[in-house]
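Below, read A as the first sequence line, B as the second, and so on, with proteins coming before strands; counting in each chain starts at 1.
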Number of protein chains: 2
Amino acid sequence: MSMDAVFKALGDPSRRELLDRLHARNGQTLGELCEGQDMTRQAVTKHLGILEDANLVVTRKRGREKLHYLNPVPIHEVADRWISKYERSRLRALSDLKKQFEGKTEN
Amino acid sequence: MSMDAVFKALGDPSRRELLDRLHARNGQTLGELCEGQDMTRQAVTKHLGILEDANLVVTRKRGREKLHYLNPVPIHEVADRWISKYERSRLRALSDLKKQFEGKTEN
DNA sequence: ATAATATGCAACTAAATGGTTGCCTATTCA
DNA sequence: TGAATAGGCAACCATTTAGTTGCATATTAT
C-alpha cells in the first residue's frame, strides 16, 4: 500500500473522474462506469486496475458483472500523513511568500 | 492554475521530495536542492519547473542564484476542494465496504 | 581581467503511459 | 440450446516523461 501508487493513481484526470463517479454512486459495474466515456471499455478497465492496485477501489464479482467500491482509506492517509503537514505550516509559508515578493507582480 | 497540473506534479516522488525539502527549509537555491540527489542538476531543474507551472513553488533571483519558495495555496485547494469531499463521506464508504466484503479476506 | 560558480537551454534517448484493436471466456436470457 | 451480454487478456502504437549530455550565459571572487 505505497503512498506513491496512490499519488500516481490520482495524477490522471480520467481516474479522478472514475473516483468521482463512484463517490456519487458507489458499487457500479464496469459497464456503468464506461457509460458516456470517450474511451474504450478496455481503457477504463486499465484505469480501474491502477485504482485497484493503489487500493483506492475494491471490487467484487456478482455473476458476470464486476462491482466497484470506493475505499476511503488511502485518500484519508494522504490527507493525514502528507497534506496535513503542509496545511499546518500554511500561514508561515504564506508570510514567507509575502516577505519575499511584496511589491512584485508576476507581469 | 489547474488542479490537474497540481495532481500531476504531485504524482512524482522526486517532486514530492523537493517539496518536502522546501517544507523543511524554505527559500533554498537550485544548488542546495540538488545536494545529495541522484540525478543531474538539469533533471532537478525540470522537476522544479513542473512544480512552478503548477504554482506549488515560486522563485526569485538573488544575484546568480535562484531561490525557491513553497506556495501553500494549491495544496490547500486540493485539500479543500477535492480531498475533503471524500473525507466527508468516509465513514459511509467504510460501512459500504464492510457490508459488501464482510467475511471475505483478500487471501 | 580571469577563473570559478550558478544557472539556463536544447537535443537526444529509453522507458512508461494511455490508448487502441482483436479475440476469448463466462454468465444470463429467450 | 443458442444468442446476447459483461468482462478478461494480449499485442500493438503514439505520445509523454524522466532523465541524460553538451554547451552557453551571467554573476561573483581572486
Side-chain angles (χ1 to χ4, degrees), chain A residues 2-22 25-69 100-101 104 106, chain B residues 2-22 25-69 100-101 104 106:
Chain A
S2 77
M3 279 241 301
D4 188 43
V6 176
F7 273 107
K8 279 250 172 61
L10 296 181
D12 183 280
S14 313
R15 289 194 286 270
R16 290 197 305 279
E17 207 219 286
L18 286 168
L19 290 181
D20 282 344
R21 284 194 186 210
L22 288 178
R25 192 159 64 81
N26 212 356
Q28 293 186 67
T29 67
L30 173 59
E32 288 170 330
L33 290 170
C34 287
E35 277 165 25
Q37 208 93 51
D38 62 342
M39 56 182 145
T40 60
R41 170 179 57 81
Q42 288 89 331
V44 174
T45 300
K46 283 196 191 176
H47 283 303
L48 288 169
I50 290 170
L51 291 170
E52 261 196 270
D53 288 346
N55 208 26
L56 285 158
V57 161
V58 174
T59 63
R60 194 192 115 206
K61 271 247 164 183
R62 184 181 60 191
R64 65 180 158 183
E65 45 196 11
K66 191 175 190 180
L67 305 183
H68 298 75
Y69 291 88
Q100 298 299 324
F101 298 93
K104 284 103 184 173
E106 54 220 275
Chain B
S2 78
M3 279 241 301
D4 189 41
V6 176
F7 273 107
K8 280 250 172 61
L10 296 181
D12 182 282
S14 312
R15 288 193 286 269
R16 290 198 304 281
E17 207 220 284
L18 286 168
L19 291 180
D20 283 343
R21 284 194 187 210
L22 289 178
R25 190 159 67 82
N26 211 356
Q28 294 186 66
T29 67
L30 173 59
E32 288 170 330
L33 290 170
C34 285
E35 278 167 23
Q37 207 94 51
D38 63 341
M39 57 181 146
T40 60
R41 171 180 56 83
Q42 288 87 335
V44 175
T45 300
K46 282 197 191 174
H47 283 303
L48 288 170
I50 290 170
L51 291 170
E52 261 195 271
D53 288 347
N55 207 26
L56 284 158
V57 162
V58 174
T59 64
R60 193 193 116 206
K61 270 247 165 181
R62 184 182 59 191
R64 65 180 157 184
E65 44 195 12
K66 192 174 188 180
L67 305 182
H68 298 76
Y69 291 88
Q100 298 299 323
F101 297 93
K104 283 104 185 173
E106 54 220 276

Would you sort out whether B:N55 and B:V6 count as a side chain to side chain contact (heavy atoms under 4.5 Å, CB included), showing the intermediate values?
CA-CA 8 Å; B:N55 207 26; B:V6 176; over 6 Å; no
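In terms of phosphate contacts, B:T40 brings a side-chain nitrogen or oxygen within less than 4.0 Å of OP1 or OP2 of D:dT20.
Screening A:L30, A:L18, A:V58 for a side chain to side chain contact (heavy atoms under 4.5 Å, CB included) with A:H68, the sole residue that qualifies is A:L30. Tested against B:L67, the residues B:E32, B:Q28, B:R62 include a single side chain to side chain contact (heavy atoms under 4.5 Å, CB included) partner, B:R62.
Taking all atoms of both residues into account, the shortest heavy-atom contact from B:G11 to B:R16 is C-NH1, 3.7 Å. Here the closest non-hydrogen pair linking B:A5 and B:A54 is O-CB, 3.6 Å.
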With B for base contact, S for sugar-phosphate-only contact and - for none (protein heavy atoms under 4.0 Å), nucleotides 5-17 of chain D reads BSBBB-B------
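On the nucleic acid side, DNA chain C has its first and last nucleotide under 4.0 Å of a heavy atom of chain B at C:dA4 to C:dA11, going 5' to 3'.
The closest side-chain donor-acceptor pair between B:D4 and B:S2, if any, does not fall under 3.5 angstrom.
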Donor-acceptor contacts, no H, no angles, side chain residues 44-52 of chain B, under 3.5 Å, sequence neighbours left out:
{"unit_1": "B:T45", "atom_1": "OG1", "unit_2": "B:R41", "atom_2": "O", "d": "3.0"}
{"unit_1": "B:H47", "atom_1": "ND1", "unit_2": "B:R15", "atom_2": "NH1", "d": "3.1"}
{"unit_1": "B:E52", "atom_1": "OE2", "unit_2": "B:T59", "atom_2": "OG1", "d": "3.3"}

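Distance check: A:L10 CG to A:L56 CG gives 5.5 Å after rounding to the nearest 0.5 Å.
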